[in-house]
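Step one of this worksheet: look at the structure below.
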Amino acid sequence: MSVMHGLTSQVVTVNNQHIYVVLQTNGRTINDIFSTLFGVFLILGTVVGIVVISYMVYNAYKYRERDGHEEPMADPLQLGELPQGGGDGKKLAISLTISAIIVVALIGWAYVLLVDVEAGPSPSADPLEVEVEGIQFAWQYEYPNGHTTNTLRVPEDRAVTLTVTSGDVFHTFGIPAFDLKADAIPGQTTQRWFRPNETGTYQAQCFELCGSGHSVMESDVIVMEPTEFEQWYAETGSGTNTAATGNPSDAGSTPADRTANDSSAASIQRVVTTLQQ
């Protein structure tokens, strides 16, 4: 483990083959980073557009054709002859230099922000760690206490770290509401994180064509009040697992979990029926 420029890097080996570098930063989510980039570049683009268009309109008006006003014809340039005047190119050199400095500064600043895209939450944020496994055609979530379900429940305003993998073919786990996507690859893990800031029910989907049931490979993501989540989590345990294959064991599971799993099982059954036909 090493520290550089305020970033903590950790090398993790998976299956003795794959190495991942996890960076801990100030806890900015992907939403925060891309919103900042979009806002800054939108403002700069608007300012540059206004300046360029204003200068163009000014020169079009200044050098417009007017009746009764004729400019003296200057001697035309000959082939190979350079124009005289204009400060010997100083204005051009200055403008190019300033433009280059601005562009390079923006690229460097954007790069520093984009490094945070792959970063995890701050260790002090006490993130909730959930393992996500994609199988044809459902998502299975496993919590630290061993509880397994097809519905992802998370607390509001708390960092959630997802470790994503696949049990069969390539999938891509994504939650559009939180701008989150992660590759689900057999034998490998991908880490992503988010911080939900509003309670409600959202959708997790598969964003990679994974078979005939790809369109129904989705699940609910329920963001709960922290106290409500803690109460729900306390009622779960290693003996309250529900299988993602559509055959949940209802022992110890909550009614909401059973309803969600029944819905997922029904969707999978419809796909199987269609394939059999």
Side-chain angles (χ1 to χ4, degrees), residues 4-7 21 23-122 156-157 159 172-183 190 192-200 202-209 221 223:
M4 55 180 181
H5 305 295
L7 305 179
V21 177
L23 300 177
Q24 305 294 343
T25 63
N26 59 1
R28 285 178 293 188
T29 65
I30 295 177
N31 258 336
D32 298 334
I33 294 169
F34 281 102
S35 295
T36 301
L37 286 173
F38 177 80
V40 170
F41 278 94
L42 177 63
I43 294 173
L44 290 178
T46 302
V47 171
V48 171
I50 292 174
V51 171
V52 171
I53 294 175
S54 300
Y55 187 69
M56 180 183 66
V57 172
Y58 166 75
N59 281 283
Y61 176 80
K62 179 179 179 180
Y63 296 106
R64 72 189 185 281
E65 182 178 357
R66 289 172 287 183
D67 296 336
H69 183 77
E70 295 184 1
E71 295 289 342
M73 180 64 72
D75 294 335
L77 295 175
Q78 301 298 320
L79 182 63
E81 182 181 0
L82 297 176
Q84 301 297 320
D88 296 329
K90 290 182 179 179
K91 291 182 179 180
L92 178 62
I94 292 174
S95 62
L96 288 178
T97 301
I98 294 176
S99 299
I101 292 174
I102 294 175
V103 170
V104 171
L106 284 175
I107 292 175
W109 172 73
Y111 174 79
V112 172
L113 284 184
L114 289 175
V115 168
D116 286 354
V117 171
E118 300 297 332
S122 171
E156 180 187 17
D157 200 26
T172 298
F173 177 81
I175 308 176
F178 305 122
D179 294 340
L180 184 143
K181 289 179 69 177
D183 291 331
T190 304
R192 292 291 184 271
W193 77 284
F194 65 101
R195 181 186 292 111
N197 54 13
E198 186 175 354
T199 59
Y202 306 91
Q203 286 294 313
Q205 301 171 340
C206 180
F207 287 86
E208 185 164 348
L209 185 61
V221 178
V223 180

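These figures come from a predicted structure and were not determined experimentally.
A side chain to side chain donor-acceptor pair (under 3.5 Å) check over residues 172-183, counting only residues at least two apart or in different chains, returns the pairs T172-E208.
Remark: E156 engages no residue in a side chain to side chain donor-acceptor pair (under 3.5 Å) (not counting sequence neighbours).
Note that CZ of F41 is 13.0 Å distant from OG1 of T46, once rounded to the nearest 0.5 Å. Atom CZ of R195 sits about 6.5 Å away from atom CG of D157, to the nearest 0.5 Å.
Aromatic ring pairs are classed by plane angle as parallel below 30°, tilted from 30° to 60° and perpendicular above 60°; the pair F178 and F194 is parallel.
Across all non-hydrogen atoms, the minimal contact from P176 to G174 is CD-O, 3.8 Å. When all heavy atoms are compared, the tightest approach of S54 to I50 is OG-O, 2.6 Å. Nearest heavy-atom pair across V40 and W109 is CG2-CH2, 3.5 Å. Minimum interatomic distance between E198 and Y202 (heavy atoms only, all atoms of both residues): O-OH, 3.0 Å.
A heavy-atom distance below 4.5 Å is found between the side chains of L106 and L44. The side-chain heavy atoms of F173 and T190, taken from C-beta on, include no pair separated by under 4.5 Å.
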